[in-house]
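A short write-up of the structure that comes next.
Note: hydrogens, waters and symmetry copies are ignored here, and every other heavy atom, side chains too, is used. Owing to the predicted nature of the structure, the values given are computational and were not obtained by experimental measurement.
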4 protein chains.
Amino acid sequence: MSARGERLSRTQQQARTRQRLLEAAGEVIAEHGLDGATIDDIAARAGYSRGAFYSNFEDKVALLIALSDSRLAAFADVTLPGLLTGTPDEQIAAVARWLAGTEPPLEVLLLVELARQRLQSPERAEELAAAIDRVLVAVEELLTSYDPHGVEVPTEERAAQARATLAAVLGADLLRHLGAGGDARTLELLLAGIDAGVVRGTGSP
Amino acid sequence: MSARGERLSRTQQQARTRQRLLEAAGEVIAEHGLDGATIDDIAARAGYSRGAFYSNFEDKVALLIALSDSRLAAFADVTLPGLLTGTPDEQIAAVARWLAGTEPPLEVLLLVELARQRLQSPERAEELAAAIDRVLVAVEELLTSYDPHGVEVPTEERAAQARATLAAVLGADLLRHLGAGGDARTLELLLAGIDAGVVRGTGSP
Amino acid sequence: MSARGERLSRTQQQARTRQRLLEAAGEVIAEHGLDGATIDDIAARAGYSRGAFYSNFEDKVALLIALSDSRLAAFADVTLPGLLTGTPDEQIAAVARWLAGTEPPLEVLLLVELARQRLQSPERAEELAAAIDRVLVAVEELLTSYDPHGVEVPTEERAAQARATLAAVLGADLLRHLGAGGDARTLELLLAGIDAGVVRGTGSP
Amino acid sequence: MSARGERLSRTQQQARTRQRLLEAAGEVIAEHGLDGATIDDIAARAGYSRGAFYSNFEDKVALLIALSDSRLAAFADVTLPGLLTGTPDEQIAAVARWLAGTEPPLEVLLLVELARQRLQSPERAEELAAAIDRVLVAVEELLTSYDPHGVEVPTEERAAQARATLAAVLGADLLRHLGAGGDARTLELLLAGIDAGVVRGTGSP
DNA sequence: GATGAATGAGCATTCATTCAT
DNA sequence: AATGAATGAATGCTCATTCAT
């Protein structure tokens, strides 16, 4: 009904708006938390009016989910693979570097916010749980398929390793969030056990 | 205007009121998060009116700090020591049992809330940071002085171990909070590395 | 737990607040319609803050229902009986006088608003329907029991007469609301048929 | 820029668009009231975007007036004449049939909405009053010229009869809108008096 | 100390309206 | 003429907090 070029231009425009809103939301939420971040904050930071926000997101919860899908997917797709390259020692160093580089730890914050919202609005719990699951599954799949030692390990054990790794990263990040420091040595200690477990390949020696 | 006996009774009465409010606050915050928990929620759950709340706490932030001091101190003073008794394997089992027993994980929630409030109200950041520190220091002291292997370890390494342990527990608890499971094996993997580090006693093998 | 006088004073205070809010609501709704009337309008007109409104009414719909119960009950209990005294001619004159005296016709407006809200919020339809019913039943009972001619009339016929009378008053009021005039003669024509029917006592001559 | 044939086609197209929007508006307003009906509701129901609405109507009030002119003119031109054919008894039956057939009563709703808007936006009161007047005058003219009994009646008395008839129909329709029933007998009672008045031809016997 | 009516700042959300495409 | 992204005024409602009782 209209030229393709026109449509695409509009579509692209909106995609850019949405992207900017997501970026602004990341910043503002990182600074003030989800409840502390107002729609106006986010929209203004992105250079739009609050109406633009509602043209792109159903409501605040939808934003959180979209942001999670955007940021945490990026974490699972880009950050984590990068961190898991090389020898265990190199990995630890890489994770530590990454931890030190993000301030504040949006990934942990987002996961925590997703969980919080689930408590606060039971009617959207399912939607939020699904968003959490998408992250967890992505991370678990990645870690499960990761094998630096060429040792065959039972699936269930792999899953435990995946969870342990995620817990280690989240825990260290949370500590840093709390201002307690989360340096290389801390992570080394955490990941060393997992790596040892990987080498052993079983839960009980 | 009132008898001496009454005075004492009043004091005790107030202590009981305060205690009940703290307990109710723990429940409600666990269910709805701090922002989702209203003063009315908490007061009603404790069987009082909102006025009773303000007779006992300056405001919501003061409540959070008091609750943190109460709950997290208990965690450091009672729970953690209990968890750290016995051999490393027994410890892991104990921690796993503890993790499984609290639903939802108030300790993590409170730490996260403290950090969140710090972002949301800069004017009270110092107060909140102090509350966080009290917890961290308590845990660190406890863990630092803990030595199941009789091996002498440099202070800095001890601190890293303490942080790692805390990160492991928080991370595992967070995972559980997210519904991802945080079973014994996960923790075993996390704590095994720390224990190994403790045995070795140094950061670099 | 506290002196009776104190409590009563408080209760009375609140009753007065509620009453003033209802009166203000009547005025504002009459002037702007329910949707056009803002909570702030109403509260300010009554000399209170918006919070006072929410201390006394659940929400806007609850206000409408309370106002209806207050005003329309008064209409059924006070106004209508007054109108139905004397001979049919006197009644018509009384009703005409009453019609001319209220500006704008809050009774009709409220009934219409109740019906409108029923359409706009299906989840509260039942509540609103009940409020409408309370009015209709009150009017019907009154009219059904009213008998200026001493003629025995079947119940069903009485009900039809009641409805007809109500329709006449509402219709005439609506016309006046529309600025079409609703003078004594108009009403006389409407009520004459009902009166004739009452005299005849049956639907078919 | 476009062929002549297209121009005509465009004009027809727009007329059809406008017609569809009016029909959709009737449905949506009947269901949700004017304030409850959003432009998007109406446009979507008609199968267009909101932009199409603004290409055809200045704003929401203009739509209401256009809809009134369309629907209520049709009521005055088509429905009412049809209702007023035959003997008084036949008329009553016809009106009752008509009442029972429309659900919900758009005519009453539109008149009420016109009056409501007049209260809510004083700056357009005149425009709205004019729209109301167009309806009232149309109905009054029709009823005034209508004479089933061949009796000469003073103009003023005719006007009163017209108003009474309109009031009867509106009142009965309103009752039905309220769910109170508005059956044939109710209308018969209302219209009987008017008819008697018509026969008598004067206000005072 | 406890109560709860009242306050009022703050915020999410709706929606009529505009305008570039 | 029609589209729909973006605007932003308007408003219902929540809830921490105050204070007279």
| task | Using a 4.0 Å heavy-atom cut-off across all strands, classify C:Thr38 as base, sugar-phosphate, or nothing. | result | sugar-phosphate
| In terms of side-chain geometry, is the basic nitrogen of B:Glu23 or B:Arg20 positioned less than 4.0 Å from the acidic oxygen of its partner? | no
| message | When you measure from the side-chain N and O atoms of D:Ser49 to the phosphate of F:dT3, is any distance below 4.0 Å, counting only OP1 and OP2? | response | yes
| Pick from D:Arg50, D:Lys60, D:Arg45: which one makes a salt bridge (Lys or Arg N to Asp or Glu O under 4.0 Å) with D:Asp40? | D:Arg50
| message | By the 4.0 Å heavy-atom rule, please label B:Asn56 as base, sugar-phosphate, or nothing. | response | sugar-phosphate
| message | At 4.0 Å (heavy atoms only), tell me whether D:Asp59 reaches a base, stays on the sugar-phosphate, or touches nothing. | response | sugar-phosphate
| task | Measure the CD1-CG distance between A:Ile42 and A:Leu34 for me, rounded to the nearest 0.5 Å. | result | 7.5 Å
| task | Please tell me which of A:Arg18 and B:Ile39 maps to the more 5' nucleotide of DNA chain F, matching each residue to the nucleotide holding its nearest heavy atom. | result | A:Arg18
| request: Let me know the distance between CD of B:Glu123 and C1' of F:dA16, rounded to the nearest Å. | output: 14 Å
| remark: Distance col, row D:Leu22:CG vs D:Ser68:OG, nearest 0.5 angstrom, shows 11.0 Å
| said: Please classify the nucleic acid contact of B:Ala15 as base, sugar-phosphate, or nothing, using heavy-atom distances under 4.0 Å. | reply: nothing
| message | Rounded to the nearest 0.5 Å, what separates atom CZ in B:Arg71 from atom CG in B:Leu111? | response | 13.0 Å
| remark: Sorted by chain and number, sequence neighbours left out, side-chain hydrogen bond (donor to acceptor under 3.5 Å, both in side chains) with B:Arg124 holds for B:Asp59, B:Glu127
| query | Which nucleotide in the set F:dA2, E:dA6, E:dT13 lies at the smallest distance from any side-chain heavy atom of A:Lys60? | reply | E:dT13
| field | Integer-rounded Å distance: E:dG1 C1' and B:Arg20 CZ | value | 14 Å
| Does DNA chain E take part in any stems of at least 3 consecutive Watson-Crick or G-U pairs (both distances under 3.5 Å), and if so, which ones? | E:2-21 with F:2-21
| request: Give the rounded distance in Å between these two atoms: CZ of B:Arg50 and C1' of F:dA20. | output: 15 Å
| said: Could you measure the distance from the CD atom of B:Glu113 to the CD1 atom of B:Ile132? Nearest 0.5 Å is fine. | reply: 11.0 Å
| request: For D:Tyr54 and for B:Phe53, find the nucleotide of DNA chain E with the closest heavy atom, then tell me which residue's nucleotide is more 5'. | output: B:Phe53
| request: Select from A:Ala52 and B:Asp35 the residue whose nearest nucleotide in DNA chain F is closer to the 5' end of that strand. | output: A:Ala52
| Under 4.0 angstrom, heavy atoms only, what part of the nucleic acid is B:Ala37 near: base, sugar-phosphate, or nothing? | sugar-phosphate
| First encountered from the 5' end of DNA chain E, between B:Gly47 and A:Asp40 | B:Gly47
| task | Grab the NE2-P distance between B:His32 and F:dA16 for me, whole Å please. | result | 13 Å
| said: With a cut-off of less than 4.0 Å, is there a side-chain N or O of C:Gln14 near OP1 or OP2 of E:dA5? | reply: yes
| remark: Atom CD of C:Gln12 and atom P of E:dG4 are separated, to the nearest Å, by 17 Å
| said: Output the rounded distance in Å from CZ (B:Arg16) to P (E:dA2). | reply: 10 Å
| query | Does the side chain of C:Thr17 get closer than 4.0 angstrom to OP1 or OP2 of E:dA6 through an N or O atom? | reply | yes
| request: Let me know the distance between CD1 of B:Ile42 and P of F:dC15, rounded to the nearest Å. | output: 12 Å
| message | Would you say CD of D:Glu123 has more than 12 non-hydrogen atoms from neighbouring residues, nucleotides or ligands within 6.0 angstrom? | response | yes
| said: In whole Å, I'd like the distance from the CG atom of B:Leu21 to the C1' atom of E:dG1. | reply: 12 Å
